[in-house]
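Reviewing the structure listed below.
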2 protein chains.
Amino acid sequence: MRHLTHLRYIDVVAREKSIRKASEKLNITSTALNRRILALEEEVGTPLFERLPSGVRLNTAGELFIQHIRSQMTDLSRVLSQISDLSGVRRGHVIVGGGPEILSSFLPGQIAKYRQDFQAVQFDVLRQTPEQSLTALMNFETDMSFIFDSVLPSDLDIVASVSQPLFALVHKDHPLAEYKILKLQDCLAWPIISPLSEGGLKTMLEVGRLRTAANLQTVIKTDEPNFISDYIRNENAIGFAIPLSFEENTQIVKGLKSIAIDEGDVPPGIVHLVQRKGRVLSVAAAKFIDQIVQALNKRFPEATR
Amino acid sequence: MRHLTHLRYIDVVAREKSIRKASEKLNITSTALNRRILALEEEVGTPLFERLPSGVRLNTAGELFIQHIRSQMTDLSRVLSQISDLSGVRRGHVIVGGGPEILSSFLPGQIAKYRQDFQAVQFDVLRQTPEQSLTALMNFETDMSFIFDSVLPSDLDIVASVSQPLFALVHKDHPLAEYKILKLQDCLAWPIISPLSEGGLKTMLEVGRLRTAANLQTVIKTDEPNFISDYIRNENAIGFAIPLSFEENTQIVKGLKSIAIDEGDVPPGIVHLVQRKGRVLSVAAAKFIDQIVQALNKRFPEATR
DNA sequence: AGAGGATGGTGCAAAAAATGCATCACGATG
DNA sequence: CATCGTGATGCATTTTTTGCACCATCCTCT
């Protein structure tokens, strides 16, 4: 869209905090970009950027304005999506954010399933910290986000929530493999692969550690599910994950087994699917959310609300 | 605003249902306008207008699109209003619609009062039928509307409601002038000035006429409060009005008197102040609504909710 | 049936706007 | 104090937009 371009210019300048940097990104001269900004400020009647020696920064008026044009841009793409939906083909662009836990198994599966029906829909999947998730949602950079065990501000809508108990991941020949439920104390004798980044899984495990005074022997810290499963095949170590991260019936890959941790030791965490409050999503994104919610309800009937 | 102009072009074409007519209104050639529309349709990827021998008409995609750009335009003006509010001066543009009843006394007074404080705010006051009020609100043509005794669709927000009993207007020397409360039967002996257009006052009076079987002698039909008051000074006729239409303590002009009609004869009508649901108004409009609501509460303490 | 008057669409030249280059002025940084 | 990066500006060039004249089509009225 032509006039979308104009808006995008301002948006990029605000993000890059520099006219010259933004101009490179946009493949135009800094002159042209600079003039557009001056012209815009002329029209609005007020400067929107502060000029600093190191670049530019939005002032209060600019913050107001940028918020408006971001919402305009996403609104427009929503409308275009609705329009193309009229002609039968579902086009669209869905942008999903979330922590590392949700990036394996469940989400890839759901996206693949959705794309079986609607091949013209494109997905962006971003790995984000909870803080990044929140600001991205507010800045219209993502359509929805999975947020694991975090306090949610009131300007978000919670679309769905699932309770996620902690599971241990072990090799199928591991001595613990036949247990139905594992106490945290049972894990003390083996090397532990624990989560690296703050929040989510790490917090859950930390709570369990404090509750049971279990002094787990962490030998590796990582967030990568693939690394965990591969490592477990080589050493009799124990990894941790939530059900969303591994397959429902089969294990992540053959040769692994998941065993529930006693919920008395580690209380379940809650994963929320959230979107910006009041935002109307594109047809594609809305349908995808519908599918996700249905899938969550089906797989975790008692844990969803 | 430059890029607002682009949007306005489409908007006017949609309203005029003709490219040539719209081009006159916009002071450009039909060629230029036609090309813009073709270019826009190119960008969207779908025709937005149907071409008829008599002009153009929005198709479904166009309806979707026009709704979007109208909301964009009003959103933009709201943001600009917020921005100019940052610098202390309150600029803005408030557009109010309503039936003939609310155009005298109360509303002019409130606008004058508001403009004492904020001289840079401009007002448009439109006289509308209830149906026009509704469509204008939905099309973002008005910020708010007073609607008298009408069923309201659910996509409107009712900001305030006041109960308005019917009053008779007579000359101060009229034989009935000293009555405190008038039965409709008391009016039979005099010529009646009754409302012309459907809805509001006319409906109230009609209900009273049916209830009491009073066969009023209508000699003049008009909606103009000024005409009624002027006429009453010349012949001993009786006009009708609701409190919002005349001054609180003094009468409309000297020489007139207002007398309540027995509410058993004519039940009070309700005037709603409404806005489009979910719409965020400009600073100027929002403050004006605040003032109106306060004024209504003060003047009709028991009749407001 | 035919004339007249609407409508939107198109080729081409003129006008207007956006762009790019070279350069300036300013402040931070080493 | 020289250097580097920043945004702003004058001028020539390129791109886009606009206006004029004209076409094809359809409706209406004679």
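Worth saying up front: this structure is predicted, and the values here are computed from it rather than measured. Letters A, B, ... are given to chains in the order of the sequence lines, protein chains preceding strands, and every chain is numbered from 1.
The side chain of A:N34 contributes no N or O atom lying less than 4.0 Å from OP1 or OP2 of D:dG7.
Straight-line distance from the CG atom of B:L38 to the P atom of D:dT18: 13 Å, rounded to whole Å. The distance from atom CG of B:L48 to atom P of C:dG8 is 15 Å, rounded to the nearest whole Å. The distance between atom CG of B:L26 and atom C1' of D:dT17, rounded to the nearest whole Å, is 15 Å. The interatomic distance linking A:L40 (CG) with C:dA18 (C1') rounds to 15 Å, in whole Å. If you take CG of A:L52 and C1' of C:dG27, they are 11 Å apart, rounded to a whole angstrom. Rounded to whole angstrom, the span from the CZ atom of A:R51 across to the C1' atom of C:dA28 amounts to 19 Å. Atom-to-atom, CZ of A:R57 to P of D:dT6 comes out at 16 Å; the value is rounded to the nearest Å. Rounded to whole angstrom, the span from the NZ atom of A:K21 across to the C1' atom of D:dG7 amounts to 13 Å.
Among the heavy atoms of the strands, none lies under 4.0 Å from A:I37. A:R20 comes within contact range of at least one nucleobase, with a heavy-atom separation under 4.0 Å. Contact annotation for A:S18: backbone-only contact, meaning every heavy-atom pair under 4.0 Å involves sugar-phosphate atoms and none involves a base.
Residue-to-nucleotide proximity on DNA chain C shows that, of B:R35 and B:I19, the 5′-proximal contact is made by B:I19. Taking for each of A:Y9 and A:P53 the nucleotide of DNA chain C with the nearest heavy atom, the 5'-most of the two is the partner of A:Y9.
Ranking D:dG7, D:dC20, C:dC21 by closeness to the B:T29 side chain, first place goes to D:dC20. Residue B:I28 has its side chain nearest to D:dG19 when only D:dG19, C:dT10, D:dG7 are considered. Distance from the side chain of A:T31 is smallest to D:dG10 among C:dT10, D:dG7, D:dG10. The B:R36 side chain lies nearest to D:dT18 when the options are D:dT18, D:dC27, C:dC21.
Between the side chains of B:Q128 and B:S133, at least one donor-acceptor pair of N or O atoms lies under 3.5 Å. One side chain, A:H93 or A:D124, offers a donor N or O that lies under 3.5 Å from an acceptor on the other.
Scanning both residues, A:Q67 and A:M138, for their nearest heavy atoms gives NE2-O, 3.6 Å.
Within a 6.0 Å sphere centred on CZ of A:R8, other residues, nucleotides and ligands contribute 12 heavy atoms or fewer.
If you look at B:Y114 and B:F123, their ring centroids are closer than 6.0 Å.
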